[in-house]
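Below: the structure, in structure tokens.
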Amino acid sequence: MKDRQFGRLRFICGENRGKYPFNHSLYIDGGDARVIVDPACSLEKLSRLRDKDSVDMVWLSHWHEDHFHYVNLFGDSPLWISERDFPPLTDIEIFLDWYGVKDDSHRDYWKKVMSDEFNYQPKSQARFIRDEEEIDLGQVKVQVIATPGHTPGHLSFFFPAEELLFLGDYDLTAFGPWYGDVASSIDETISSIRRLKEIPAKKWIACHEGGLFEENPGKNWDNYENIIYERERKILEFIKKPHTLKEISASWLIYGKPRKPLEFFEFNERVLVNKHLERLEKQGRIIRDKDQYRKV
Ligand SMILES: [Zn+2]
């Protein structure tokens with residue numbers, strides 16, 4: 001996979017196909033301002049970009065660490081993000097609360113990871129990007145598309161003249177969408193996927209793995225959404241007999257099998273399952289009796 005230039009827009013592909021902790025980034029030479037969107041592709045590439053092409057501002061599609069990884073390379077450049085996604089960037093305690101990390105020892109572990117590996121430094125200010133805002137960078141116009149679900153303030157960016165759509169973390173991967181944070185929403189994720197699918201683009205950039213689509217992702221859209229229903233189906237099947245969250249998570253219905261590092265993936269499995277259980281309970285499709293869940 002290679003970096004690609006489309007007019008004034010540049011797809012910068014991330015290390016290891018943009019798999020966590022990396023992503024694919026987008027550089028916009030807007031004429032009046034030059035922007036890096038989600039600076040987490042590669043330390044080397046972003047350092048070179050800063051020194052050779054220059055960067056005036058940093059935009060984040062959302063608050064996750066695999067998108068702001070190298071933001072500190074750009075020093076005092078203004079940071080732009082949705083107001084809804086800014087709180088976790090202001091304080092590591094809020095950051096961990098938003099992930100739902102409760103246990104003290106886990107919090108200590110993640111604090112260290114965030115500061116040592118992701119260069120987490122609390123931010124005190126940002127310019128808030130408004131939902132549906134049209135941003136004129138001089139030579140490039142950007143249509144902001146609010147796509148909540150993955151995170152509450154997740155934003156995608158459409159470039160009408162270039163017919164290019166930056167999807168952010170609606171990444172069309174085979175794993176499927178993430179909605180495991182405290183404020184994530186499965187229903188909003190579904191709406192956002194459907195909305196993005198309807199945008200009249202000719203090129204699509206997703207932040208992980210496949211990354212660049214130069215033809216309509218077509219069936220990828222439906223496959224991606226269907227993974228949500230497939231996860232749900234497996235959970236419902238499993239709780240024909242009553243089970244606790246712990247028991248459901250231990251059967252790895254979402255990841256398929258235990259993955260390492262175990263602490264990381266056990267946590268992910270549990271929070272994703274829990275989101276489904278919350279939604280199914282709200283829909284009246286399952287019953288909770290104390291800590292056990294059962295299909296109606
Ligand atoms: Zn994310």
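Remember, it's 1-based here, ligands and their atoms both numbered in the order they're listed. For this chain, numbers begin at 1 and follow the sequence in order.
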Q: Identify the heavy atoms of Lys102 and Arg107 that sit nearest to each other, and give their distance.
A: O-CD, 3.7 Å
Q) Phe264 and Tyr20: aromatic ring centres closer than 6.0 Å? A) yes
Q. Mind checking whether His208 and His24 have ring centres under 6.0 Å apart?
A. no
**Q.** Donor-acceptor pair between Tyr27 and Asp53 side chains, under 3.5 angstrom
**A.** no
**Q.** Within less than 2.8 Å of the Zn ion (ligand 1): protein N, O or S atom count
**A.** 4
Q) How about Phe158 and Trp204: are their ring centres within less than 6.0 Å of each other? A) no
Q: Assess the pair Phe11 and Phe6: is the distance between their ring centroids shorter than 6.0 Å?
A: no
